[in-house]
Amino acid sequence: MSFSIRLSKQEKMLAESYAKLHSISLGEAFKKALFEKIEDEYDLKVYEESYTEYVQNGRKSRPISELWEELGI
């Protein structure tokens with residue numbers, strides 16, 4: 001699958017600089033950025049659902065120092 005995208009001169013220069021910096025093609029740079037964005041949004045959604053379930057089950061967090069004390073660390 002291929003697609004085209006319109007970029008301003010500045011955007012194109014920035015994208016090309018990024019690709020060059022990472023020694024990848026411009027297409028690979030856009031593909032990498034797209035999938036990183038998708039992964040970030042997926043991770044955030046999973047976190048939100050997990051945290052909601054955690055709170056709905058009546059669980060509460062506590063300071064890490066309490067856990068360390070409990071474990072004798």
Side-chain angles (χ1 to χ4, degrees):
M1 177 176 156
S2 65
F3 62 94
S4 63
I5 182 171
R6 295 186 194 277
L7 301 173
S8 69
K9 187 176 180 178
Q10 276 188 313
E11 291 168 335
K12 183 180 178 188
M13 288 173 50
L14 180 62
E16 288 173 337
S17 293
Y18 176 85
K20 185 176 179 180
L21 178 68
H22 294 283
S23 301
I24 57 177
S25 69
L26 193 54
E28 282 298 315
F30 278 104
K31 186 176 174 180
K32 180 179 176 181
L34 172 64
F35 284 102
E36 284 180 2
K37 178 69 173 169
I38 290 170
E39 184 179 346
D40 289 347
E41 288 189 23
Y42 176 80
D43 289 346
L44 181 58
K45 183 68 175 170
V46 168
Y47 158 76
E48 289 170 348
E49 290 174 358
S50 297
Y51 185 71
T52 298
E53 182 180 332
Y54 177 83
V55 170
Q56 287 175 345
N57 287 332
R59 298 195 171 156
K60 295 182 181 178
S61 62
R62 59 186 179 160
I64 192 71
S65 58
E66 287 182 16
L67 176 61
W68 290 339
E69 186 176 323
E70 182 179 310
L71 297 174
I73 297 176

Keeping to residues at least two apart or across chains, list the side chain to side chain donor-acceptor pair (under 3.5 Å) pairs with something in residues 58-73. Arg62-Glu70
Under 6.0 Å from the OH atom of Tyr54, do we count more than 12 heavy atoms belonging to anything else shown? yes
After noting the C-alpha distance and the side-chain angles of Lys45 and Glu41, does the key distance pass the salt bridge (Lys or Arg N to Asp or Glu O under 4.0 Å) rule? CA-CA 6 Å; Lys45 183 68 175 170; Glu41 288 189 23; over 6 Å; no
Quiz: residues 7-26 side-chain donor-acceptor pairs under 3.5 angstrom, not counting sequence neighbours:
unit_1, atom_1, unit_2, atom_2, d
Ser8, OG, Glu11, N, 3.1
Ser8, OG, Glu11, OE1, 3.4
Glu11, OE1, Ser8, N, 2.8
Ser17, OG, Met13, O, 2.9
Ser25, OG, Glu28, N, 3.0

Rounded to the nearest 0.5 Å, what's the gap from CD on Glu49 to CG on Leu44? Could you check? 10.0 Å
Atom pair OG1/OH of Thr52 and Tyr47 - distance to nearest 0.5 Å: 8.5 Å
Look at the side-chain heavy atoms of Ile, Leu, Val, Met, Phe, Trp and Tyr, link any pair under 4.5 Å apart, and say whether Tyr51 and Val46 land in one connected group. no
When hydrophobic residues are tied together by side-chain contacts of less than 4.5 Å, even through go-betweens, does Leu34 share a cluster with Phe30? no
